[in-house]
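Only one structure is covered here, and it is reproduced in the block below.
Numbering of residues begins at 1 and proceeds along the displayed sequence.
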Amino acid sequence: RWRLKPKQKSSWTTFIKQIASFGGDLSSLTAPPFILSPVSLTEFPAYWGERPELFSSIAEGVDEEDRSVRVLKWFIATLKGQYTSRNEKMGSEKKPLNPVLGELFFGEWPETETRGKTTLTVEQVSHHPPVTAYRMYNAKSGVELSGFSGQKTSFSGGSIIVKQTGHAVLTLHGLPSGKEQYLITLPRLRIDGLWYGSPYTELSDMSYIQCENGWLSTIEYKGKGYFSGKPHSFKAVLTPPYNHPAPDEHTHVVEGTWHETSSYTKASGFQPELKPGLGTPYFTDVRGPKEEISVKPESEQGEWESRKLWKMVAEGIRSGDYDLASKEKTKIENQQRQMRKDEVAAGTTWQLKYFKKIPHDELYERLSEMYNGQPPTDEMYVYTGPDQVQD
Ligand code: 0T9
């Protein structure tokens, strides 16, 4: 069952034992070279946009119910990219580069006949612990996603358990009925397969998509051996607001696997009108290709942009020159340490460029109480860059 060569095996075992006894911020541990990814965590928010048609067409929903279905569909369709794409591309889950404070990532999914341009802005807003803020916006449809992402990790039963801190807010601007917002919570992860040297991610527990008008999707995640026996299984139930006149007829249940297909197991009397190309017998079918984000070449990027900043480290990892990778990584870390020292000496602090931290997200406070009693204390990073929407 081992996928590793004997020499890798011993360094891997040492690393896993270190994780097991450490149980804190994994980003600070030194992992064996073969598990390193050349991609920084600041690139991960791009997974939200890799089904651009599903994202922009949320605004085409004819009413709250239709739009809630579309938000759920888009969300489920992003999970494959978010949680299995490293396995597909690199053979296993890998340790991403740990972003530096102020690291930036920009990209877009260009306009086509069927959709407007979607842009992504990402900024690393904290280094220890790592926190990434992001904002994705499609001006033509008025669909905007804002959020931030951090992780709390622990070790249990041979797996790394990752509780995601942070949440996302999807806003529909410019609907005839006014602004409409959805609060999206994030699932819990388990990194399995550690002892065999081939880590992969499984999702567990529940996550929620709460529309401020009362429509609520409750998504339950199970792995192999639970309700379907298949890995990457989920069941989503979308329910209408409590005062809806016909709640049962308007409850939707979708079941399947988030990396392949899912279908309605209880369709409401209502079925969303789907655009050509979006309609299949499935609720989601993500077996086909997704669309990766377009990013400017490194030669046109600024010094703080992720791929330029990590260029040499990534080159070292990609080519197997781990001495180069580690030398270049040390350079970046030393520069960072020096900057922090200089700030202390000057009595200044690092200023974020595209986001502003607020201690309490008003939407989170208002909506989180509606479904799972989470204490309303979550902060938020509000986008302050160009192209902001006033409504
Ligand atoms: C937000 C996502 C997140 C980031 C990653 C836990 C993890 C860092 C955070 C949660 C995205 O929207 C979705 C997907 C994968 C998550 C990563 C998987 C992972 O293993 C890493 C952690 C920090 C490690 O690198 C652990 C070390 C190693 C033993 C695993 C290969």
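At a cut-off of 3.5 Å, with distance as the only test, no side-chain donor of Trp310 or Glu328 sits close to an acceptor on the other residue. Side chain to side chain, Ser159 and Asp192 meet the donor-acceptor criterion of an N or O pair below 3.5 Å. Looking at Asp342 and Gln338, their side chains do bring a donor and an acceptor atom within 3.5 Å of each other.
Ring orientation note: the planes of His232 and His259 are nearly perpendicular, at an angle over 60° on the 30°/60° scale. Ring-plane geometry between His250 and Trp215 is classed as perpendicular, the angle between the planes exceeding 60 degrees on a 0 to 90 degree scale with a lower cut at 30.
Under the side-chain contact (heavy atoms from CB on, under 4.5 Å) rule, Trp109 has a single partner from Glu53, Arg51, Met136, Lys117, which is Met136.
With respect to the salt-bridge test (charged N to carboxylate O, under 4.0 angstrom), the residues Glu343 and Lys341 do not qualify.
Placement of Tyr221 and Ile184 within a single hydrophobic cluster is found when ILVMFWY residues are connected by side-chain heavy-atom separations under 4.5 Å, directly or transitively. No continuous path of ILVMFWY side-chain contacts below 4.5 Å connects Val143 to Tyr137, so the two sit in separate hydrophobic clusters. Each of Tyr83 and Leu41 belongs to its own hydrophobic cluster when Ile, Leu, Val, Met, Phe, Trp and Tyr are linked at side-chain heavy-atom distances under 4.5 angstrom. Cluster annotation: Trp304 and Met312 are assigned to distinct hydrophobic clusters (Ile/Leu/Val/Met/Phe/Trp/Tyr, side-chain heavy-atom contacts under 4.5 Å, transitive). Met90 and Phe44 fall into different hydrophobic clusters, where Ile, Leu, Val, Met, Phe, Trp and Tyr side chains are chained together by heavy-atom contacts under 4.5 Å.
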Derivation of the salt bridge (charged side-chain N to carboxylate O under 4.0 Å, His left out) call for Arg188 and Glu202 = CA-CA 9 Å; Arg188 202 170 272 238; Glu202 187 55 277; over 6 Å; no
List the steps and the verdict of side-chain contact (heavy atoms from CB on, under 4.5 Å) for Leu72 and Ile209.
-> CA-CA 7 Å; Leu72 177 64; Ile209 305 175; 4.2 Å; yes
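Phe283 carries Lys73 over the face of its six-membered ring, with the cationic atom under 6.0 Å from the centre and within 45° of the normal.
Here the side chain of Asp285 pairs a donor or acceptor atom with the backbone of Arg287 at under 3.5 angstrom.
Checked against a 6.0 Å centroid threshold, the rings of Phe234 and Trp258 do not count as neighbours.
No side-chain heavy atom of Glu108 sits under 4.5 Å from any side-chain heavy atom of Val295.
When the shell of 6.0 Å around NZ of Lys329 is examined, it contains 12 or fewer heavy atoms from other residues, nucleotides or ligands.
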